[in-house]
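Computed from a predicted model, the values in this text were never measured in an experiment.
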Amino acid sequence: MSLEPNRSFDGGCFLFTCGCLSGGCLGAVIVAAIATGLFIYGLQIGFVGHPSSYAYIHIQGDEMSPTLKDGDWVLVERGDFETMEIRRGDLVWIEPPEEARRTGRLILRVAGLPGETVSFGQGGELLIQGEIRSEEPFQGKNYTKGKDPLEPTTLGERDYYLLGDEPSLAKDSRNWGPIQTKYFRGTVRSIIFPPGRLKSIEN
């Protein structure tokens, strides 16, 4: 069967006219192709090219939402955390102590640094040295809702206070205290899949 002249076949996402692909979905196809290429590139980096330097992690759960969402795949750079700089706001991949472990390794955000005192305000605000942290992603979050009273914690020279970005779901230092660098395994560098979530992580 042949199409009449100047007629188009509308296949839903794709618009075919005289054998050509046109319409807004062409851009989506290109973006998907690029994202798939980056996804494969991420696999190459993490699993083939540098298996000792990178890891490729599938996020399960929304403890780090909205930064990381259930189903995301992220590229993690492994590191020697005994020597490298760790900054507030970094997303770190950790293997928590046995008493804190649930499903293996976790990704959490660095909130408190060695030597600091971490506490929480009356509205559940994160306090460092008694001052509210007003920057994103800590701003406006209630870290004490549904929790037993949390006492101030002063961190040792290798201790870090880690929090999830979704306080109501996350299990973190509020539950099992500070985490030492010996339990750190890597730092999140980017979300590489799905295509709509593709972005680098600013630490």
Side-chain angles (χ1 to χ4, degrees), residues 31-114 118 135-138 141 143 155-203:
V31 170
I34 293 172
T36 301
L38 290 172
F39 179 73
I40 295 172
Y41 177 67
L43 282 175
Q44 173 71 20
I45 290 176
F47 287 151
V48 181
H50 305 277
S52 63
S53 299
Y54 292 90
Y56 192 56
I57 308 300
H58 185 221
I59 303 299
Q60 295 180 310
D62 285 315
E63 290 90 341
M64 289 303 299
S65 179
T67 307
L68 305 178
K69 294 185 177 181
D70 185 47
D72 284 348
W73 287 87
V74 300
L75 187 66
V76 172
E77 182 178 3
R78 301 179 191 271
D80 178 5
F81 290 95
E82 297 298 322
T83 59
M84 68 184 296
E85 179 185 8
I86 302 172
R87 299 167 297 178
R88 193 185 331 276
D90 284 355
L91 294 183
V92 292
W93 184 39
I94 67 166
E95 185 168 359
E98 190 65 36
E99 63 271 18
R101 192 170 304 165
R102 297 175 301 149
T103 57
R105 297 179 178 182
L106 304 171
I107 292 176
L108 293 169
R109 189 179 297 278
V110 175
L113 304 175
V118 179
E135 73 270 28
E136 292 290 346
F138 307 111
K141 293 187 177 177
Y143 290 97
L155 303 175
E157 63 179 13
R158 293 187 177 180
D159 289 344
Y160 290 84
Y161 203 93
L162 308 180
L163 293 171
D165 282 1
E166 178 43 72
S168 64
L169 298 177
K171 301 294 184 182
D172 48 37
S173 289
R174 296 170 298 165
N175 303 90
W176 19 264
I179 294 294
Q180 295 187 342
T181 52
K182 65 182 180 180
Y183 296 108
F184 287 28
R185 297 294 178 263
T187 304
V188 178
R189 295 305 182 196
S190 62
I191 301 171
I192 58 176
F193 199 82
R197 297 275 297 153
L198 183 69
K199 66 178 179 180
S200 62
I201 299 296
E202 297 182 4
N203 294 317

Do [X] and [Y] have side chains that approach each other closer than 4.5 Å (heavy atoms only, starting at C-beta)?
| X | Y | value |
| --- | --- | --- |
| Asp62 | Lys69 | yes |
| Arg158 | Thr181 | yes |
| Asp159 | Gln180 | yes |
| Val188 | Val92 | no |
| Lys141 | Pro167 | yes |
| Val74 | Trp93 | no |
| Leu113 | Leu155 | no |
| Arg185 | Glu95 | yes |

Side chain [X], main chain [Y], donor-acceptor under 3.5 Å:
| X | Y | answer |
| --- | --- | --- |
| Asp172 | Arg174 | yes |
| Ser173 | Tyr161 | no |
| Arg78 | Gly186 | no |

The single option from Ile59, Leu198, Leu68 passing side-chain contact (heavy atoms from CB on, under 4.5 Å) against Ile191: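 Of Ile59, Leu198, Leu68, side-chain contact (heavy atoms from CB on, under 4.5 Å) with Ile191 is met by Leu68 alone.
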Within the 6.0 Å centroid threshold, strictly below: Tyr160 and Phe184: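 Yes, close enough.
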Any residue meeting salt bridge (charged side-chain N to carboxylate O under 4.0 Å, His left out) with Asp165, in chain and number order, not counting sequence neighbours: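 Per chain and number, Asp165 pairs via salt bridge (charged side-chain N to carboxylate O under 4.0 Å, His left out) with Arg109.
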Side chain to side chain contact (heavy atoms under 4.5 Å, CB included) between Ile94 and Leu108, worked out: CA-CA 8 Å; Ile94 67 166; Leu108 293 169; 4.1 Å; yes
